[in-house]
Amino acid sequence: TDPLAQLLVVEASRAAFTQQIVVNMSTPLGLGELWSVHWRWRNADPRVALRLDIPARLFAPTIVRFERSWETYRFSDAIPTERRRTSEASIGGWARKDLELRTGARFERWSASGDFVALRTGAAVHRADDRLSVMAEAEHAIPVSGNASYGRISSLAAWTLPADRWRNTWSMRVGGDWNTASTPRGLWPLAGGGLMRAIPLRAHPLIIENLLPAARTGHTMLHGGVAGDRPVATLGQLALGVGVFVDGAHIPSPGDGSGTSRSYLDGGAGLRANVVGLPWSAVRVDVARGLVTDRRWGVTAAFLQTLPVRLTRPR
């Protein structure tokens, strides 16, 4: 099969699942740099971003990143729409082979909250051949136009056990997010959707009636999950697998203003398929059922996240 045709099919499928597309251009200036354009066209949270990654050596191999983005957040429960424009510069690299570091600053302009200069830093430790990752990120935003400052902290531990004698693989994750009361709502953690999300909750859709569900956002959130996967067959160039999972999230004070804490626990099973020799092409379709708070069903389809887990850009 033509590799270019495979790539086009994979990227078209990815765009259909995520309602977003990323276009990359490598080293047009011959400096090893990467130029990227990101476009997400979902009505609930559209985003356009331009990014430049430049390799450098500052005591260790690093990537210097510059990004400009435009984003909109539309929530349920008659919460006003928020828009954000940002300009960001960051530096990320490896202090040693198992220690990842990232730090940066951005200027952001919110339609409702005003202007801020946000400073952030993060670190992650990767062990056991990248089967174990523990990471933490912190951010402090200084107001420019007289608003209150805000702060954010997020943490995540994710690990995968080696396959057992029956070829079963078990993975687990647990994390927590905390935001001060003045943090713009667009940056609050949001639980829902499939494996492409930072906090998956697969019986609960990320978008409801073209809006972000305020009931599954909050200043503080604890979350985690367990999953088991097993390869079952190979049909020509297609490898198939099955899996079971449980996703959970606890929100002490949901963003819908109800004042009542909520806990979610979703359980279900899924089917994985990928082209042999192309692990980045793996797609997973999951069917899940809400076990507490509500009993809704959900179906999610997404490209699998692959190890190792890396430091991610905050919303």
Side-chain angles (χ1 to χ4, degrees), residues 51 53 58-65 67 69 84 86 88-108 116-142 148-161 170-193 195-201 216-227 247-253 255 263-264 305-315:
R51 195 175 82 189
D53 292 339
L58 304 174
F59 305 106
T62 59
I63 297 294
V64 179
R65 174 175 297 173
E67 185 171 63
S69 64
R84 178 172 75 150
T86 68
E88 182 172 9
S90 64
I91 299 173
W94 296 85
R96 59 175 194 251
K97 65 179 182 180
D98 62 349
L99 177 60
E100 182 186 8
L101 302 174
R102 180 169 294 279
T103 188
R106 72 174 181 271
F107 174 79
E108 58 183 17
F116 298 88
V117 173
L119 308 175
R120 69 183 179 96
T121 187
V125 176
H126 306 281
R127 295 286 178 87
D129 295 326
D130 281 325
R131 292 195 307 271
L132 170 65
S133 295
V134 179
M135 61 192 71
E137 293 183 290
E139 181 172 284
H140 178 69
I142 304 166
S149 63
Y150 71 82
R152 306 166 62 207
I153 296 175
S154 63
S155 61
L156 176 67
W159 61 101
T160 299
L161 300 178
W170 292 94
S171 58
M172 291 139 277
R173 54 183 167 79
V174 61
D177 292 76
W178 173 83
N179 296 261
T180 60
S182 53
T183 301
R185 188 181 295 268
L187 298 179
W188 292 11
L190 170 60
L195 287 174
M196 297 295 289
R197 297 296 305 170
I199 308 176
L201 207 58
R216 282 186 270 118
T217 67
H219 289 297
T220 301
M221 190 176 299
L222 303 176
H223 50 88
V226 179
D247 301 326
H250 176 66
I251 310 172
S253 181
S263 295
Y264 296 91
Q305 290 180 323
T306 57
L307 290 173
V309 179
R310 296 296 190 221
L311 285 172
T312 58
R313 176 187 182 279
R315 288 178 59 220

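Remember, predicted model here, so these are calculated numbers, not experimental data.
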(request) Can you sort out the partners of Thr121 under side chain to side chain donor-acceptor pair (under 3.5 Å), two or more places apart, ordered by chain and number? (result) none

(request) May I ask you to test the Ile251-Tyr264 pair for a side-chain heavy-atom distance under 4.5 Å? (result) yes

(message) Just so I know, are the side chains of Glu100 and Met135 near enough to count as touching, which here means a heavy-atom distance under 4.5 Å?
(response) no

(request) Report the distance from atom CD1 of Ile91 to atom CG of Leu101, rounding to the nearest 0.5 Å. (result) 11.5 Å

(request) Flag the pair Glu88 / Glu108 as yes when at least one side-chain heavy-atom distance between them is below 4.5 Å, and no otherwise. (result) no

(request) Dump the intermediate steps for side chain to side chain contact (heavy atoms under 4.5 Å, CB included) on Trp159 and Val174, then the final yes or no. (result) CA-CA 9 Å; Trp159 61 101; Val174 61; 4.1 Å; yes

(message) With rounding to the nearest 0.5 angstrom, report the CD1 to NE2 distance, Ile153 to His140.
(response) 11.5 Å

(message) Checking the side chain of Arg185 only, and the main-chain atoms of Gly255 only, is there a donor and an acceptor separated by less than 3.5 Å?
(response) yes

(request) Mind checking the CD-CG spacing from Glu139 to Leu119? Nearest 0.5 Å is all I need. (result) 8.5 Å

(message) Show, in sequence, the C-alpha distance, side-chain angles and deciding distance for Arg106 and Glu67, and conclude whether the side chain to side chain contact (heavy atoms under 4.5 Å, CB included) test is met.
(response) CA-CA 9 Å; Arg106 72 174 181 271; Glu67 185 171 63; over 6 Å; no

(request) Would you please name every residue forming a side chain to side chain donor-acceptor pair (under 3.5 Å) with Asp53, sequence neighbours left out? (result) Arg51, Arg65

(request) Write down the atom of Pro189, the atom of Met221, and the distance for their closest heavy-atom approach. (result) O-CE, 3.5 Å

(request) Any chance you could lay out the side chain to side chain contact (heavy atoms under 4.5 Å, CB included) test for Met172 and Leu161, step after step, and finish with the verdict? (result) CA-CA 9 Å; Met172 291 139 277; Leu161 300 178; 3.9 Å; yes

(message) Let me confirm one number: the NE2-CG distance from His250 to Leu222, rounded to the nearest 0.5 Å.
(response) 6.5 Å

(message) So which atom in Gly192 and which in Arg197 form the shortest heavy-atom distance, rounded to 0.1 Å?
(response) O-CG, 3.1 Å

(request) Indicate yes or no for a side-chain donor-acceptor contact from Ser133 to the backbone of Ala158 under 3.5 Å, with no hydrogens or angles considered. (result) no

(request) Verify, without hydrogens or angle tests, whether Trp188 (side chain) and Thr183 (backbone) share a donor-acceptor contact under 3.5 angstrom. (result) yes

(message) Parallel, tilted or perpendicular: which one describes the rings of Tyr150 and Phe116, with boundaries at 30° and 60°?
(response) perpendicular

(request) Taking all heavy atoms of Gly176 and all of His223, pick out the closest pair and write down the distance. (result) N-NE2, 3.7 Å

(message) Measuring from atom CD1 of Ile199 to atom CG of Asp247, what distance do you get when rounded to the nearest 0.5 angstrom?
(response) 11.0 Å

(message) Tell me the closest heavy-atom pair linking Pro252 and Thr220, and the distance in Å.
(response) CD-O, 3.2 Å

(message) Once rounded to the nearest 0.5 Å, what's the spacing between atom CD of Glu137 and atom CZ of Arg152?
(response) 8.5 Å

(message) Can you give me the closest heavy-atom contact between Val134 and Leu132, atom names plus distance?
(response) CG2-CD1, 4.2 Å

(request) Indicate yes or no: at least one non-hydrogen side-chain atom of Ser154 is less than 4.5 angstrom from one of Asp177. (result) yes

(message) Taking the side chain as everything from C-beta on, heavy atoms only, tell me whether Ser253 gets closer than 4.5 Å to His219.
(response) no

(request) Kindly indicate whether the side chain of Arg216, heavy atoms from C-beta on, has any atom under 4.5 Å from the side chain of Leu190. (result) yes

(request) Heavy atoms only: give me the nearest Arg173-Pro200 pair and the separation to one decimal. (result) NH2-CG, 3.2 Å

